[in-house]
A.B. asks: 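Starting off with a structure, shown below.
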Protein chains: 2
Amino acid sequence: MRKNSQLSRVLHILVHLNKSDQPITSAAFANMLKTNAVVVRRIMGMLRNAGYVLSTNGRNGGWVLNKPLDNISLLDIHQALGESTLFNIALTDEHQHCPIEKSVNRELQDVLQEVEALVLQKFSAISLDKIANH
Amino acid sequence: MRKNSQLSRVLHILVHLNKSDQPITSAAFANMLKTNAVVVRRIMGMLRNAGYVLSTNGRNGGWVLNKPLDNISLLDIHQALGESTLFNIALTDEHQHCPIEKSVNRELQDVLQEVEALVLQKFSAISLDKIANH
DNA sequence: ATAACTGTAACAGTAAAAGTTACATGTTAA
DNA sequence: TTAACATGTAACTTTTACTGTTACAGTTAT
């Protein structure tokens with residue numbers, strides 16, 4: 001599975017945004033992240049929908065923060081991005097009636113869910129200004 | 001990226017193997033897992049290299065356990081399979097000189113490493129006979 | 001008007017995992 | 001000793017999630 005880099009990228013963007021007193025364009029971020037402006041709009045669109053940033057059209061337009069970084073947690077961003085699965089481990093479901101498969105899945109799922117909850121808890125305790133001032 | 005189902009599959013296989021007093025063929029497992037015999041051999045080959053199973057050729061051949069399940073932990077299997085990364089989260093490295101990227105990566109990596117260590121610890125505490133008798 | 005923005009649909013590219021084919025090699029039963 | 005049944009493995013194709021690209025409609029400042 002190809003790894004998901006949206007979280008990492010959007011954090012990078014947000015901290016840069018925080019340091020700017022004027023809008024920054026998708027093209028500028030694309031250049032910064034060595035990717036494409038459409039990719040940036042795709043990610044940032046999710047944050048806009050969640051209320052963390054605003055976009056303005058036209059000349060001198062671009063992206064601005066809509067909340068102070070100390071009011072945004074890593075968990076907020078993770079959730080705004082759609083909470084893609086954290087783990088790279090698949091549970092099989094070829095034979096849902098097979099008691100062994102069920103048992104294997106239950107055991108793996110127990111561990112993964114427990115750990116996922118821990119990740120989310122840790123994410124919630126990290127505010128973006130902590131990253132910005134790191 | 002497609003998720004890795006090797007761990008789930010191989011656990012299923014091992015518990016079935018444990019219940020059998022004679023070798024089981026790759027074709028039988030492939031049928032069980034709704035996949036291909038070569039896929040099974042690929043996975044099982046890694047376990048054989050690690051000493052957890054034995055394979056025998058020819059008629060009446062197939063796979064047998066080489067260790068009791070209560071002597072094998074989830075961690076053992078995870079490691080025998082090559083310890084593929086648990087997380088689906090990528091850290092970017094376009095601009096290794098950018099202090100913001102560094103800061104973002106450090107923060108994410110701290111959390112992920114801490115949690116990965118916890119997963120491995122939990123895996124080490126789960127023996128396969130626990131799954132078998134679940 | 002036009003240049004500079006975003007929004008988004010509709011594709012193509014990439015890479016990891018899984019699936020498939022083909023064939024060499026080893027083993028056992030009759 | 002031969003035929004059937006196993007594994008071993010290389011080489012290739014398919015699948016899938018993510019990312020990248022192109023194209024164009026809509027919006028805004030000058």
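Labels below follow one simple rule: chain letters A, B, ... track the order of the sequence lines, proteins then strands, and each chain is numbered from 1. Every value quoted in this text rests on a predicted model; they were computed, and no experiment measured them.
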A.B. asks: Does OP1 or OP2 of dA18(C) have a side-chain N or O of Thr35(B) closer than 4.0 Å?
C.D. replies: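 It does not, given that no N or O in the side chain of Thr35(B) lies less than 4.0 Å from OP1 or OP2 of dA18(C).
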
A.B. asks: Would one find a side-chain N or O of Asn57(A) under 4.0 angstrom from OP1 or OP2 of dG7(C)?
C.D. replies: no

A.B. asks: Rounding to an integer number of Å, can you tell me how far Ile24(B) CD1 sits from dC5(D) P?
C.D. replies: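 My rounded result for the distance is 18 Å.
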
A.B. asks: Atom CD in Gln113(B), atom CZ in Phe87(B): separation rounded to 0.5 Å?
C.D. replies: 10.5 Å

A.B. asks: What is the distance, to the nearest angstrom, from the CG atom on Leu54(A) to the P atom on dG7(C)?
C.D. replies: 11 Å

A.B. asks: Give a yes/no answer on whether the side chain of Thr56(B) brings an N or O atom under 4.0 Å of OP1 or OP2 in dG26(C).
C.D. replies: no

A.B. asks: Can you measure Lys34(A) atom NZ to dT14(C) atom C1' for me and round it to whole angstrom units?
C.D. replies: 18 Å

A.B. asks: Any side-chain heavy-atom pair from Asn4(A) and Ile89(B) closer than 4.5 angstrom?
C.D. replies: no

A.B. asks: With nearest nucleotide decided by heavy atoms, which residue, Leu33(A) or Val38(B), maps closer to the 5′ end of DNA chain D?
C.D. replies: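 It is Val38(B), whose closest nucleotide lies nearer the 5' terminus.
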
A.B. asks: Does a side-chain heavy-atom distance below 4.5 Å link Val111(B) with Phe123(A)?
C.D. replies: yes

A.B. asks: Round to a whole Å and report the spacing from CG of Leu91(B) to P of dC18(D).
C.D. replies: 16 Å

A.B. asks: Looking only at N and O atoms, is any donor in the side chain of Arg48(B) or the base of dG8(D) less than 3.5 Å from an acceptor on the other one?
C.D. replies: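 Result: no qualifying N/O pair found.
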
A.B. asks: Check the phosphate of dT7(D) against Thr25(B), side-chain N and O only, distance under 4.0 Å to OP1 or OP2. Yes or no?
C.D. replies: no

A.B. asks: Using the closest heavy atom to pick a nucleotide of DNA chain C for each, name whichever of Arg42(A) or Asn60(A) lands nearer the 5' end.
C.D. replies: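 The residue whose closest nucleotide sits nearer the 5' end is Asn60(A).
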
A.B. asks: Atom CD1 of Ile43(B) and atom P of dA17(C): how far apart are they, to the nearest Å?
C.D. replies: 12 Å

A.B. asks: Reading DNA chain D from 5' onward, which residue's closest nucleotide shows up sooner: Gln6(A) or Ser55(B)?
C.D. replies: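 Per heavy-atom nearest nucleotide, the more 5' residue is Ser55(B).
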
A.B. asks: To the nearest Å, how far apart are Asn88(A) CG and dT16(D) P?
C.D. replies: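 So the CG-P distance, Asn88(A) to dT16(D), works out to 16 Å.
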
A.B. asks: Tell me whether the OP1 or OP2 atom of dA10(D) has a side-chain N or O from Arg41(B) closer than 4.0 Å.
C.D. replies: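 For dA10(D), neither OP1 nor OP2 has a side-chain N or O of Arg41(B) closer than 4.0 Å.
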
A.B. asks: Using atom CG of Leu86(B) as one end and atom P of dA16(C) as the other, report the distance to the nearest whole Å.
C.D. replies: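 In whole Å, dA16(C) P lies 17 Å from Leu86(B) CG.
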
A.B. asks: Any non-hydrogen side-chain atom of Leu86(B) less than 4.5 Å from a side-chain atom of Asn88(A)?
C.D. replies: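 Side chain of Leu86(B) against side chain of Asn88(A), heavy atoms only: no contact under 4.5 Å found.
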
A.B. asks: Hey, is the side chain of Arg59(B) pairing donor to acceptor with the base of dG26(C) inside 3.5 Å?
C.D. replies: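 Per atom types, no contact qualifies.
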
A.B. asks: Quick check for you: among dG20(D), dC18(D), dG8(D), whose closest atom lies nearest to any side-chain atom of Trp63(B)?
C.D. replies: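 That would be dG8(D).
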
A.B. asks: State, with a plain yes or no, whether a side-chain heavy atom of Ile13(B) is found less than 4.5 Å away from one of His16(B).
C.D. replies: no

A.B. asks: Quick one: which of dT21(C), dT27(D), dT9(D) gets closest to the side chain of Asn36(B)?
C.D. replies: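 Nearest nucleotide to the side chain: dT21(C).
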
A.B. asks: Please report, rounded to the nearest Å, how far the P atom of dA17(D) is from the NZ atom of Lys3(A).
C.D. replies: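 After rounding, the reported distance stands at 18 Å.
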
